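Indexing begins at 1, ligand by ligand and atom by atom, following the structure's order. What you see is a predicted model; the values in this text were computed from it and never measured. Start at 1 with the first residue, then count along the sequence.
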Amino acid sequence: MKVLADILYTVRLRAVNGDSNAPVSSVQIDSRKVEAGALFVAVKGTASDGHAFIPKAVGLGATAIVCETLPSELKEGVTYVQVEDSAEAAGIIAHNFYGQPSGRMKLVGVTGTNGKTTIATLLYKLFNGLGYTCGLVSTVENVIDGEVIPSTHTTPDAVSLNALLGLMADRGCTHVFMEVSSHAVHQRRIAGLHFAGALFSNITHDHLDYHKTFDEYIKAKKAFFDGLSADAFAITNADDKRGAVMLQNTAANKLSYSLRTVADFKGKILENALTGLVMTVNEQEVHFRLIGEFNAYNLLAVYGAAVSLGEDKQEVLQVLSNLTGAEGRFDYLVSAKGRVLGIVDYAHTPDALVNVLSTIKKLRKGHEQIITVVGCGGDRDKTKRPIMGEVACTHSDKVIFTSDNPRSEDPLQILADMEEGLSSAARRKFVSIPDRKQAIKTAVSMAGPEDILLIAGKGHEKYQDVKGVKQHFDDKEVLQEMFELLDK
Ligand SMILES: CC(=O)N[C@H]1[C@@H](OP(=O)(O)OP(=O)(O)OC[C@H]2O[C@@H](n3ccc(=O)[nH]c3=O)[C@H](O)[C@@H]2O)O[C@H](CO)[C@@H](O)[C@@H]1O[C@H](C)C(=O)N[C@@H](C)C(=O)N[C@H](CCC(=O)O)C(=O)O
Ligand SMILES: Nc1ncnc2c1ncn2[C@@H]1O[C@H](COP(=O)(O)OP(=O)(O)OP(=O)(O)O)[C@@H](O)[C@H]1O
Ligand SMILES: N[C@H](CCC[C@H](N)C(=O)O)C(=O)O
Ligand SMILES: [Mg+2]
């Protein structure tokens, strides 16, 4: 059993009221999960304030409370710890409680608007291929040495994250690769973790509903690098406008990758086709199975991290050249009849949509039509909707706007937001079909021989969230079904 004083190690304390040697059986940030002997950390959230649930936590048997402001009534036998910052304390406490897992492994974090899952997954597969026992924390899935643990967030909350990292360390994972979302940095979910290295992919429009301004979004991502220690490495994308700013104040060893300028990890694309990428990586020519310029960036980031972790350059390139990407990222099927190419991709930001559509355009051999099916998520940044609508129309021949995950919103309103402000050229190309299955069916029926379909936004997701109910939905499965109908 852990003792309170031990798990408060390095927490910025203001006062301790009660027994600092009280035993602690579990750590919780959600009062609904509190059991006898638990320590409950009251965190101020976006919807409610955890301080309001202190009495409930005490009622359920919590013996220690960590908070910023003390409740008016203190219960006998409960230790109240007043801290400067509860969210930060939750991270540090959880890290201490689970035996400081990040100190027992090489933990590498990946941040950026697009590419996190791809980079983290490639690193996981690469290090597996190099013979290490590894862990992965990602949007698609969390993995402990091959065992899949379902994922609910891109970066789990501080308690779930440290519990997961603790399991990984206990099971002998020497390398763990994790996505670090801007929400996670801002909410201090990663407080207390020691990173061996950090990677930046890019920053473009997303999540402005949460961060409010682009500057605040940049600040959130930059804070991840500001918090690194001097023994870590920090690798940035020199071709991103904000690449240098990210590393401006970091104590870590600064490195960069690029396709366009001088960098530590320099790439040049020689060929970009459906069969893969041929590129030079620091002068060495390599064939990769991944497609598109954006993946050339992801591969350089992965290469840079592996070399910074001390791996042999030749061996890294050899394993990397055989790897495929993450599920639902440029995943494709070809219909038997007409050889229609259907691509399922997780592009859910304007930049990702431009990238994936530009890649598709480059893959065209002649005048094949590009037909795009796309929607925007509900309860997420509304300002990206008209931009994604315009981008889809600009870069496609025909477009079907449909539902993504409407969540609590009216699907028709989301479609109206996507249609708002479309140029007259764009207006001539689109039709809105709210039912996603119907939309995919229509797109397939519109396709002529060798045309290219892009089903964007949901990638690996196996559900559609409508009014809080997650109904089974899988873009790739639906596409397959429609191709089979076409082939009959
Ligand atoms: C906007 C956001 O990030 N919200 C997250 C946040 O919720 P919140 O701040 O609204 O929490 P709250 O409901 O106000 O509650 C405040 C505190 O009181 C506690 N509480 C609440 C109710 C109660 O009865 N008892 C109790 O103790 C809560 O556990 C919390 O500690 O803290 C919760 C607990 O950690 C998260 O589950 C929740 O994620 C929600 C579900 C979410 O959808 N988050 C998305 C936007 C997200 O985080 N996405 C990122 C990035 C995606 C990407 O681009 O890849 C991700 O990392 O997944
Ligand atoms: N380096 C990149 N630059 C720009 N776009 C990219 C890059 N890598 C992937 N993409 C595009 O973005 C989509 C999402 O990629 P990925 O899942 O790797 O990003 P992510 O950062 O993990 O996203 P999320 O924030 O949802 O977790 C891909 O399906 C692809 O269209
Ligand atoms: N991690 C991202 C995923 C968006 C995926 C898209 N399908 C949507 O539902 O908006 C988010 O939570 O904003
Ligand atoms: Mg991700």
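Of the protein's non-hydrogen atoms, the one nearest atom 10 (O) of ligand 3 is Gly377 CA, 3.3 Å. Counting protein heavy atoms only, atom 21 (O) of ligand 2 is closest to Lys116 NZ, 2.8 Å. The protein heavy-atom contact nearest to atom 27 (O) of ligand 2 is Thr139 OG1, 2.9 Å. Looking at atom 9 (C) of ligand 2, its nearest protein heavy atom turns out to be Phe294 CD1, 3.5 Å. For atom 3 (N) of ligand 2, the nearest non-hydrogen atom of the protein is Asn202 ND2, 3.1 Å. Counting only heavy atoms of the protein, atom 4 (C) of ligand 3 lies nearest to His348 CD2, 3.6 Å. Protein heavy atom nearest atom 14 (C) of ligand 2, with residue, atom name and distance: Tyr346 CD2, 3.9 Å. Protein heavy atom nearest atom 1 (N) of ligand 2, with residue, atom name and distance: Asn298 OD1, 2.7 Å. Given atom 18 (O) of ligand 2, the protein heavy atom at minimum distance is Thr118 OG1, 2.6 Å. Closest to atom 3 (C) of ligand 3 among all protein heavy atoms lies Tyr346 OH, 3.1 Å. Considering only non-hydrogen protein atoms, atom 15 (O) of ligand 2 sits nearest to Gly115 N, 3.8 Å.
The number of heavy-atom neighbours closer than 6.0 Å to NZ of Lys441, taken from other residues, nucleotides and ligands shown, is 12 or below.
Neither the backbone nor the side chain of Thr204 comes within contact range of ligand 2; no heavy atom lies under 4.0 Å. Heavy atoms from both the backbone and the side chain of Thr117 come within less than 4.0 Å of ligand 2. Using a 4.0 Å cut-off between heavy atoms, Asn114 contacts ligand 2 through both its backbone and its side chain. Under 4.0 angstrom from ligand 2, the non-hydrogen atoms of Ala347 come from both its backbone and its side chain.
In this structure, Thr113 counts as a contact residue of ligand 2, since one of its heavy atoms falls inside 4.0 Å of the ligand. At a 4.0 Å cut-off, at least one heavy atom of Asp404 sits close enough to ligand 3 to count as contact.
Between the Lys116 side chain and the Met178 main chain, no donor and acceptor come within less than 3.5 Å of each other. Between the side chain of Asn253 and the backbone N or O of Phe233, no donor-acceptor pair lies under 3.5 Å. With hydrogens and angles disregarded, no donor-acceptor distance shorter than 3.5 Å links the side chain of Thr372 to the backbone of Leu454.
When the heavy atoms of Gly292, Ala352, Ala296 are ranked by distance to atom 12 (O) of ligand 2, first place goes to Ala352. Residue nearest to atom 31 (O) of ligand 2, selected from Asn295, Asp331, Asp345: Asp345 (by heavy-atom distance). When the options Arg407, Arg380, His460 are ranked by their closest heavy atom to atom 11 (C) of ligand 3, first place goes to Arg380. The residue among Leu357, Val180, Asn355 with a heavy atom at the shortest distance from atom 4 (C) of ligand 2 is Asn355.
The closest side-chain donor-acceptor pair between His395 and Ser358, if any, does not fall under 3.5 angstrom. For the residue pair Lys221/Thr111, the side-chain donor-acceptor check at 3.5 Å is satisfied. Side chains of Thr349 and His205: a donor-acceptor N/O pair is absent below 3.5 angstrom, by distance only. Remark: the Asp381 side chain and the Thr383 side chain contain an N/O donor-acceptor pair separated by less than 3.5 Å. Neither side chain, Ser182 nor His207, offers a donor N or O lying under 3.5 Å from an acceptor on the other. There is a side-chain donor-acceptor pair under 3.5 Å between Asp239 and Ser258.
Using a cut-off of 4.0 Å between Lys/Arg side-chain N and Asp/Glu carboxylate O, Arg380 and Asp209 are scored as not salt-bridged. Under 4.0 Å is where a charged nitrogen must lie from a carboxylate oxygen, and between Glu147 and Arg171 at least one such pair does.
A side chain to side chain contact (heavy atoms under 4.5 Å, CB included) with Val110 is found for one member of Leu122, Asn298, Leu199 and no other, namely Leu199. The only option from Leu247, Ile235, Asp264 that meets the side chain to side chain contact (heavy atoms under 4.5 Å, CB included) definition with Lys254 turns out to be Leu247.
The His207 neighbourhood of ligand 3 comprises atoms 13 (O), with distances under 4.0 Å to a heavy atom of that residue. Atoms of ligand 3 found under 4.0 Å from any heavy atom of Asn405, numbered from 1 in the order shown, are 7 (N), 8 (C), 9 (O). Atoms of ligand 2 found under 4.0 Å from any heavy atom of Asp351, numbered from 1 in the order shown, are 4 (C). Within ligand 2, counting atoms from 1 as listed, the ones closer than 4.0 Å to a heavy atom of Glu179 are 22 (O), 27 (O).
Take the N/O/S atoms of Glu179: the one nearest the Mg ion (ligand 4) is OE1.
Annotation: angle subtended at the Mg ion (ligand 4) by Thr139 OG1 and Thr117 OG1 is 100°, to 10°.
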Given salt bridge (Lys or Arg N to Asp or Glu O under 4.0 Å), test Arg407 with Asp379 step by step and report yes or no. CA-CA 6 Å; Arg407 302 195 175 84; Asp379 302 335; 5.5 Å; no
Passes salt bridge (Lys or Arg N to Asp or Glu O under 4.0 Å), Asp435 versus Lys437? Steps please. CA-CA 6 Å; Asp435 182 312; Lys437 188 167 183 176; over 6 Å; no
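Between Cys376 and ligand 3, a contact under 3.5 Å exists for no N or O pair.
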